[in-house]
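Right, one structure below, let's go through it.
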Amino acid sequence: PVIRSHIALPPRASDAATDPGVQAEAGLLLFLANAIRRNGEVAHLLLTGPAGAGKTTTALRLKDLVDPTNPPLSAAPRDALGLIALAKGQGITCLDNTSSMSRDAADLFSGFATGTAHTARQLYSNGDLYSVEPLAPVMFTTVVPDLSSRPDLVSRMVRIVLERRASATPRGLLDAAWQTDRPALLAALLDIMVGALAGWQAVAVEWAGKPFDRLAGPLVFAEAAARAIGWKPNLLIEAMRESWQEQQADAAAGNPLVAGLLDLTGRIESRIWEGTMTDLLSALTGPFGAQGKLNIRTPQKLGQGIAGL
């Protein structure tokens, strides 16, 4: 309840996984808990919503809570090396007012979530190489709800849609209230981390062998954190799955190929389809597939289309 006085999260109307308020709280817990723990994988956070929803303020609050380093907010660097340097020097990197994202940038951020190594030459005058493995949670603030349609990044990103505040409050009063509540919020978050550390192994045993699309470790740890504060079992994982399905649907809205692939795998319990490109084309364009919506007629074109996603 205290964090809601500083962040305009959607109201929580029920304990259902489809409830927007539950999904927002689950996403916040998933992001913060694993940004602190950093064990193999982390999640990114996309803060979106209309003007006046406090996206930038929310990013400032969350960063100040767990990583009060400078700069608190940054514009996205123009090249990969600049972005890597920025992420390496901070616990949480916050990119403010991000209006678009290239495929290369989406791939780079996907690598940040898993600690993928990035290698470059030290100097143009020699052939020596240096390598960094940034495991770096990133926050984005944007008015674009589907900032990236790349499935790899969408499945590693939590999206929270903030609501416009009913009335404007002077910035000075908001900052003073935050500084008053911040110590208690940090203490509560650390208590949650203690509960998650005590319970995550039991959750991992319970979910052993069950399918996860992405972020298995972070989801298990966040689920343990949710149970530590009284959530019913598996609510966090179910809420995040519902949220990711909505993000995927938004990302697929303008891409028939993505929509067809999601529809196909959604009808398979394991969510894994196996076969040749010819078989896949038949599955996508057959009686139960995308049919006329998919303007691809050969397996070669289908392979090119998938490679470009």
Side-chain angles (χ1 to χ4, degrees), residues 15-19 22-31 33-35 37-46 106-107 109-116 135 137 146 148-160 196 199-228 231-252 255 257-277 279-280 282-284 288-290 306-307 309:
D15 285 335
T18 55
D19 184 278
V22 172
Q23 292 179 9
E25 291 179 6
L28 197 59
L29 194 54
L30 173 63
F31 175 75
N34 286 284
R37 188 187 186 215
R38 289 176 195 252
N39 185 24
E41 288 181 286
V42 294
H44 300 315
L45 177 62
L46 178 71
D107 290 343
F109 289 125
S110 295
F112 282 4
T114 56
T116 300
L135 185 63
D146 53 342
S148 173
S149 61
R150 303 279 286 181
D152 276 356
L153 182 57
V154 170
S155 61
R156 294 181 171 98
M157 181 183 290
V158 174
R159 182 178 68 179
I160 296 180
W200 75 268
Q201 290 179 316
V203 177
V205 170
E206 180 184 328
W207 279 84
K210 297 180 181 179
F212 285 97
D213 294 335
R214 289 277 192 262
L215 296 179
L219 278 169
V220 164
F221 189 75
E223 170 67 26
R227 294 184 187 188
W231 283 35
K232 66 181 182 181
N234 304 327
L235 177 58
L236 182 137
I237 292 176
E238 292 169 2
M240 289 312 307
R241 283 180 164 173
E242 291 288 341
S243 177
W244 277 320
Q245 286 179 3
E246 292 175 11
Q247 289 184 64
Q248 290 172 341
D250 288 345
N255 190 323
L257 178 55
V258 174
L261 291 170
L262 290 175
D263 177 68
L264 176 63
T265 56
R267 289 185 269 113
I268 303 172
E269 183 176 357
S270 66
R271 297 192 179 185
I272 298 174
W273 186 92
E274 296 184 39
T276 66
M277 279 295 174
D279 296 334
L280 180 57
S282 297
L284 291 172
F288 301 102
I306 292 175
L309 293 177

Which atom of R227 lies closest to which atom of N234, heavy atoms considered: NH2-OD1, 2.8 Å
pair W273-L261: side-chain heavy atoms closer than 4.5 Å: no
Side-chain heavy atoms of M240 within contact of E223, under 4.5 Å: no
Working for side chain to side chain donor-acceptor pair (under 3.5 Å), residues T276 and D279: CA-CA 5 Å; T276 66; D279 296 334; 3.1 Å; yes
Sub-4.5 Å side-chain heavy-atom contact between W231 and E25: yes
pair L215-S155: side-chain heavy atoms closer than 4.5 Å: no
Close side-chain approach of V220 to E206, heavy-atom, < 4.5 Å: no
D19 side chain near E242 side chain, heavy-atom distance below 4.5 Å: no
A196 versus A224, closest heavy-atom pair with distance: O-CB, 3.8 Å
Aromatic plane relationship, W207 with F212 - under 30° parallel, 30 to 60° tilted, over 60° perpendicular: tilted
Geometric cation-pi criterion, R37 with W200: 6.0 Å, 45°: yes
Interatomic spacing from CG in L45 to CD1 in I160 - rounded to 0.5 Å: 5.0 Å
Considering all heavy atoms, the nearest Q247-M157 contact: NE2-O, 3.3 Å
Separation of W244 CH2 from Q23 CD (nearest 0.5 Å): 11.0 Å
Side chain proximity check, H44 to L153, heavy atoms < 4.5 angstrom: yes
Check: L28 and V158 side chains under 4.5 Å, non-hydrogen atoms: no
Any donor-acceptor pair under 3.5 Å from S243 side chain to A239 backbone: no
